[in-house]
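Working notes, beginning with the structure itself.
Atoms within a ligand are numbered from 1 in the order they appear, just like the ligands themselves.
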Amino acid sequence: MQYRNFGNTGFRISALGFGAMRLPISTPGPSASPDLDAAVKLLRRGFTAGINYVDTAYFYCDGQSEIAVGRALKDGWRDKVVLSTKLPLNQVKCIDDFRRILEDQLRKLDTDHIDFYHLHGIGEAALTGPIREFKIFESAARARDEGLIHHLSFSFHDRPEAMKTLVDTGEFSSVLCQYNLLDTANAEAAAYAASKGLGTVAMGPVGGGRLAFAGSIFEDAVGGRLTTPELALRYVLSNRNFNCALSGMGTPEMVDANARIADADTPLTPGEVAAIEEIREKCAELRKLYCTGCAYCRPECPKNVDIPAVLLALILYKVYHLEQHARDRYRQLATAAGNDPKTARAADGCVKCGKCEQVCPQKLPIRQFLAEAEELFAES
Ligand code: SF4
Ligand code: SF4
């Protein structure tokens, strides 16, 4: 495993981080709960492979991810693994909520401190909104003085320029942001953060799972010597402005494959990077269609439409030209839904209320995309 200095924090962390948002689940659907034993086993497989940075959040896996991570860190792992979790700022409604939620997280994680405590998914507006209103920086400083958190960090969903504003507050030790070969919008802002001594973590190195399915479109750029998932992870690892590529891993195969890639320090050549960038430009339509699979929209939908699954089918069809694979995935979803309103639905369930679009960090025109998917796949 490669290890890199985590900005100026004094930590040295693995180039591959374990994102604990897709841990194995026992029951599918919106109220899924993790199979804790399987999740602990999977996390420890990663630790044993050399991963020493794990990232969770208050709401991952229906609130169970922190419990799974806490259990995985028993038996001596807590001293060897850097622990990151996130405060859901939208749940902070008064000054005392910071402390209440933090204490709940420490209890779930069953630890006495969190190494990197992130404000979850913030943008510039948070500075003049909840951060100021609920004295978040002051509460974080107190928690730091008491040793409950060691560093304050932020995960980021906003225009890249806004990241610089957040960095310049001087309050944060690290940043977690989207960066992969489909989306490099944060590259310059992350370089700025790195230049200011912040640790930098890239989320979604394999495009929220989409690149695991991609066809040969990017493989041609490296003469077919790497598969697309391998190429995607190597692309992120090749950018030294990022200290760590955080991958949400849900199976032993994913852990093993990613760990093998992160073992070797074999960055892509400048020629390969240039060829990839050329292809990305050609795939400009992908940007409009970009869905990270974060699933923030899922609980908002009153009709239980599986929006990320529908959009993935659309991306597979339109961008990678995997027409049959896309149709098959969509059909599986539509068939499974049947007439049962409790089962996740395909795009035909959408009543165009727009609630999903209000929470989408990528600001996607979801209703328009769903209508497009329905038109493409319904009759095919
Ligand atoms: S617009 Fe459609 S998909 Fe979005 S929340 Fe409403 S019903 Fe669900
Ligand atoms: S549509 Fe938006 S909120 Fe929903 S999964 Fe995709 S990126 Fe996330």
Hey, is there an N, O or S on C301 sitting under 2.8 Å from atom 6 (Fe) of ligand 1? no
Any idea which atoms of ligand 2 are less than 4.0 Å away from a heavy-atom of I366? 1 (S)
Which pair of non-hydrogen atoms, one from M163 and one from A190, has the smallest distance, and what is that distance? SD-N, 4.0 Å
So that I can tick it off, tell me whether E138 and R142 are bridged by a salt bridge, with the cut-off set at under 4.0 angstrom between side-chain N and carboxylate O. no
Report yes or no: does L370 have a heavy atom closer than 4.0 Å to ligand 1? yes
Is the closest basic N to carboxylate O distance between R78 and D110 below 4.0 Å? no
From atom 2 (Fe) of ligand 1 out to just under 2.8 Å, does an N/O/S atom of C350 turn up? yes
Test T85 against every option in K108, E66, H118 by the side-chain hydrogen bond (donor to acceptor under 3.5 Å, both in side chains) rule and name the one that passes. E66
A student checking ligand 2 against A295 at a 4.0 Å heavy-atom cut-off should list atoms 5 (S), 8 (Fe)
Which atoms from ligand 2 have a heavy atom of P361 less than 4.0 Å away? 3 (S)
Which atoms from ligand 1 have a heavy atom of P302 less than 4.0 Å away? 5 (S)
For Y317 together with F377, are the ring centres under 6.0 Å from each other? yes
Is ligand 2 under 4.0 Å from a heavy atom in the side chain of V359, in the backbone, in both, or in neither? neither
Pick from L89, L166, L87: which one makes a side-chain contact (heavy atoms from CB on, under 4.5 Å) with F154? L166
For ligand 2, which part of C297 has a heavy atom less than 4.0 Å away: the side chain, the backbone, both, or neither? both
Which protein non-hydrogen atom lies closest to atom 2 (Fe) of ligand 2, naming both residue and atom, and how far is it? C360 SG, 2.4 Å
Using side-chain heavy atoms (C-beta onward) and a distance below 4.5 Å, is L314 in contact with V310? no
Hey, are R240 and D265 close enough for a salt bridge, meaning a charged N less than 4.0 Å from a carboxylate O? yes
For ligand 1, which atoms sit closer than 4.0 Å to a heavy atom of R367? 1 (S)
Do the ring centers of F98 and Y117 come within less than 6.0 Å of each other? yes
Give the residue, atom name and distance (to 0.1 Å) of the protein heavy atom nearest atom 1 (S) of ligand 1. G354 N, 3.1 Å
Near Q362 (heavy-atom distance under 4.0 Å), the atoms of ligand 2 are 7 (S)
Starting from atom 7 (S) of ligand 1, which protein heavy atom do you reach first, and at what distance in Å? V351 N, 3.4 Å
Among non-hydrogen protein atoms, atom 8 (Fe) of ligand 2 lies closest to C294 SG, 2.4 Å
Close-contact set for ligand 1 against K352 heavy atoms, below 4.0 Å: 1 (S), 2 (Fe)
Can you find a heavy atom in the side chain of H113 that is under 4.5 Å from one in the side chain of H150? yes
N-O pairing of D306 and R345 below 4.0 Å: no
For atom 4 (Fe) of ligand 1, what is the nearest protein heavy atom, given as residue, atom name and distance? C356 SG, 2.3 Å
Can you sort out which atoms of ligand 2 are near L311, meaning under 4.0 Å from one of its heavy atoms? 1 (S)
For atom 6 (Fe) of ligand 1, grab the closest protein heavy atom and report residue, atom and distance to one decimal in Å. C353 SG, 2.3 Å
Do S14 and Q2 get their side chains close enough for a donor-acceptor pair, meaning under 3.5 Å? no
